[in-house]
Participant: 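Have a look at this one before I ask anything.
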Protein chains: 2
Amino acid sequence: MALDLGPLDGHVGYLLRRAQLAVFADIGAGLAAHAMSPADYAVLTVIDSNPGAGPSQVAETLGIQKTNFVPLIRRMEARGLVLRTPSARDRRSVDLTLTEDGKTFLATLHAMAQAHVDRVRDHLGPAEYEALLAPLQRLARLTRPA
Amino acid sequence: MALDLGPLDGHVGYLLRRAQLAVFADIGAGLAAHAMSPADYAVLTVIDSNPGAGPSQVAETLGIQKTNFVPLIRRMEARGLVLRTPSARDRRSVDLTLTEDGKTFLATLHAMAQAHVDRVRDHLGPAEYEALLAPLQRLARLTRPA
DNA sequence: CATTATTGGTTATTTGATATAACTATTTTC
DNA sequence: GAAAATAGTTATATCAAATAACCAATAATG
């Protein structure tokens with residue numbers, strides 16, 4: 001049924017896109033069961049690793065535009081997962097931290113995500129999986145977020 | 001300036017997304033100079049490799065929904081790159097082929113895309129680049145387009 | 001130190017990609 | 001020959017991401 005992809009099936013860009021969609025379909029479904037998007041999950045993770053950081057820093061780190069970050073972080077706050085407290089140093093700024101609930105919740109998300117990652121590694125085999133990570137990291141670092 | 005990504009920076013899904021965005025930013029800019037999207041380019045490529053195939057087949061092959069395929073293929077037709085001729089076998093169906101202009105144009109796009117791919121390979125080095133392709137292909141084939 | 005430029009956060013709005021529902025004409029299946 | 005499936009289409013909804021403009025506070029500068 002499927003046609004020949006032609007030159008496309010050796011094309012890094014195309015393969016990256018398809019691989020990303022396949023992996024996200026898998027992980028995304030698990031996150032969706034907890035009413036979370038991949039972006040939501042990434043934000044919680046970064047806040048957990050950098051407690052007290054501000055919205056701009058978190059957004060820039062993840063390549064999210066700060067203007068699009070606002071509704072996302074407000075959702076997390078409304079769900080009681082994130083605390084937005086006025087910064088002591090800079091009166092313009094806001095310190096982001098996870099609540100206790102946020103930390104607990106994130107732990108279960110990490111466990112779930114790890115299960116999905118394990119499935120990917122099992123599918124590829126450990127060697128190919130390891131061989132995949134290094135080049136991906138190199139490419140990922142090319143991104144120059146605004 | 002950038003914060004710690006925490007567990008994220010070893011996460012396949014996250015790395016795939018960032019790597020894909022980085023590569024697409026590069027290739028996408030080149031395509032955009034010709035008023036083409038990555039999807040446009042993919043469609044022309046598949047039609048070139050499968051002359052006479054119908055919209056549904058091409059769309060399914062690329063994981064594009066057939067309903068979203070319509071405006072795309074109409075743009076290509078309007079630009080004189082693609083020919084939509086009524087199918088002989090099935091009166092519901094349409095045969096897609098590239099025009100001569102379409103073939104010429106696609107050749108220049110291929111050349112440009114190859115230059116971008118070369119830059120990616122140079123950035124990673126040949127060994128890592130090769131090591132990247134195989135697992136990506138395996139993952140990409142997981143996609144089960146409607 | 002007074003003015004200017006920059007930064008952190010925000011709102012409102014637009015664009016673009018993708019998904020859903022519904023319909024017609026034809027072909028296939030039973 | 002009736003019912004089900006398929007090819008193509010239209011119209012519409014949804015959702016992520018980009019753009020423009022703004023305020024308050026801080027940093028830079030002359």
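The basis for the numbers below is simple: all heavy atoms, side chains too, and nothing from hydrogens, waters or symmetry mates. Residue numbering restarts at 1 for every chain, and letters A, B, ... go by the order of the sequence lines.
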Participant: For A:Phe69 and C:dG9, give me the distance from atom CZ to atom P, rounded to whole Å.
Facilitator: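 Between P of C:dG9 and CZ of A:Phe69: 9 Å.
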Participant: Are a donor atom and an acceptor atom from the side chains of A:Asp40 and A:Ser37 found within less than 3.5 Å of each other?
Facilitator: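 Yes, a side-chain donor-acceptor pair sits under 3.5 Å.
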Participant: Which atom names give the shortest non-hydrogen contact between B:Gln137 and A:Asp9, and what distance separates them?
Facilitator: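 It is NE2-O, 2.7 Å.
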Participant: At a cut-off of 3.5 Å, list every protein nitrogen or oxygen paired with a nitrogen or oxygen from nucleotides 16-19 of chain D, distance to 0.1 Å.
Facilitator:
| from | atom 1 | to | atom 2 | distance (Å) |
| --- | --- | --- | --- | --- |
| D:dA18 | OP2 | A:Gln65 | OE1 | 2.9 |
| D:dA18 | N7 | A:Asn68 | OD1 | 3.2 |
| D:dA18 | N7 | A:Asn68 | ND2 | 3.2 |
| D:dA18 | N6 | A:Asn68 | OD1 | 3.3 |
| D:dT19 | O4 | A:Thr67 | OG1 | 2.9 |

Participant: Grab the two heavy atoms, one from A:Ser49 and one from B:Gly6, that are nearest each other, plus how far apart they are.
Facilitator: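 In terms of heavy atoms, the two residues are closest at OG-CA, 3.3 Å.
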Participant: Take the protein atom CG of A:Leu21 and the nucleotide atom P of C:dA17, then report the distance between them rounded to whole Å.
Facilitator: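 In whole Å, C:dA17 P lies 14 Å from A:Leu21 CG.
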Participant: Counting side-chain heavy atoms from C-beta on, which of D:dT10, C:dG9, C:dT10 comes nearest to B:Arg74?
Facilitator: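 Of all the options, the side chain of B:Arg74 is nearest to D:dT10.
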Participant: Could you walk me through whether A:Ile73 and A:Ile47 pass the side chain to side chain contact (heavy atoms under 4.5 Å, CB included) check?
Facilitator: CA-CA 11 Å; A:Ile73 199 65; A:Ile47 294 176; 3.9 Å; yes
Participant: Please determine if a side-chain N or O atom of A:Arg91 lies less than 4.0 Å away from the OP1 or OP2 oxygen of D:dC23.
Facilitator: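 For A:Arg91, the contact criterion (side-chain N or O under 4.0 Å from OP1 or OP2 of D:dC23) is not met.
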Participant: Pair B:Thr45, B:His110 - check side chain to side chain contact (heavy atoms under 4.5 Å, CB included), show working.
Facilitator: CA-CA 9 Å; B:Thr45 301; B:His110 277 325; 3.5 Å; yes
Participant: Please report the closest heavy-atom contact between B:Ala19 and A:Leu139, naming both atoms and the distance.
Facilitator: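 Distance-wise, the nearest heavy atoms are CB-CB, 3.8 Å.
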Participant: Nearest whole angstrom, please: distance from the C1' of C:dG8 to the CD1 of A:Ile73.
Facilitator: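 Value for this atom pair: 14 Å.
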Participant: Counting only side-chain nitrogens and oxygens, does A:Ser93 get under 4.0 Å of the OP1 or OP2 atom of C:dT7?
Facilitator: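 It does not, given that no N or O in the side chain of A:Ser93 lies less than 4.0 Å from OP1 or OP2 of C:dT7.
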Participant: Return the nearest nucleotide to the side chain of A:Lys66; candidates are D:dT10, C:dG8, D:dG8.
Facilitator: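 For A:Lys66, the side-chain atoms sit closest to C:dG8.
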Participant: Looking at B:Asp118 and B:Arg121, does any basic side-chain N land under 4.0 Å from a carboxylate oxygen?
Facilitator: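 Yes.
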Participant: If you round to the nearest 0.5 Å, how far is CZ of B:Arg84 from OG1 of B:Thr97?
Facilitator: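 B:Thr97 OG1 to B:Arg84 CZ: 11.0 Å, rounded to 0.5 Å.
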Participant: Could you state the atom-to-atom distance from CG of B:Asp40 to P of C:dT18 in whole Å?
Facilitator: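 Taking atom P of C:dT18 as the reference, CG of B:Asp40 is at 11 Å.
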Participant: Run the side chain to side chain contact (heavy atoms under 4.5 Å, CB included) check on A:Tyr41 and A:Leu106 step by step: do they pass?
Facilitator: CA-CA 8 Å; A:Tyr41 172 58; A:Leu106 181 58; 3.8 Å; yes
Participant: Between the protein and nucleotides 28-30 of chain C, are there any N/O to N/O pairs under 3.5 Å, and if so, what are the atom names and distances?
Facilitator:
none

Participant: Atom CZ of A:Arg89 and atom P of C:dG8: how far apart are they, to the nearest Å?
Facilitator: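 In whole Å, C:dG8 P lies 12 Å from A:Arg89 CZ.
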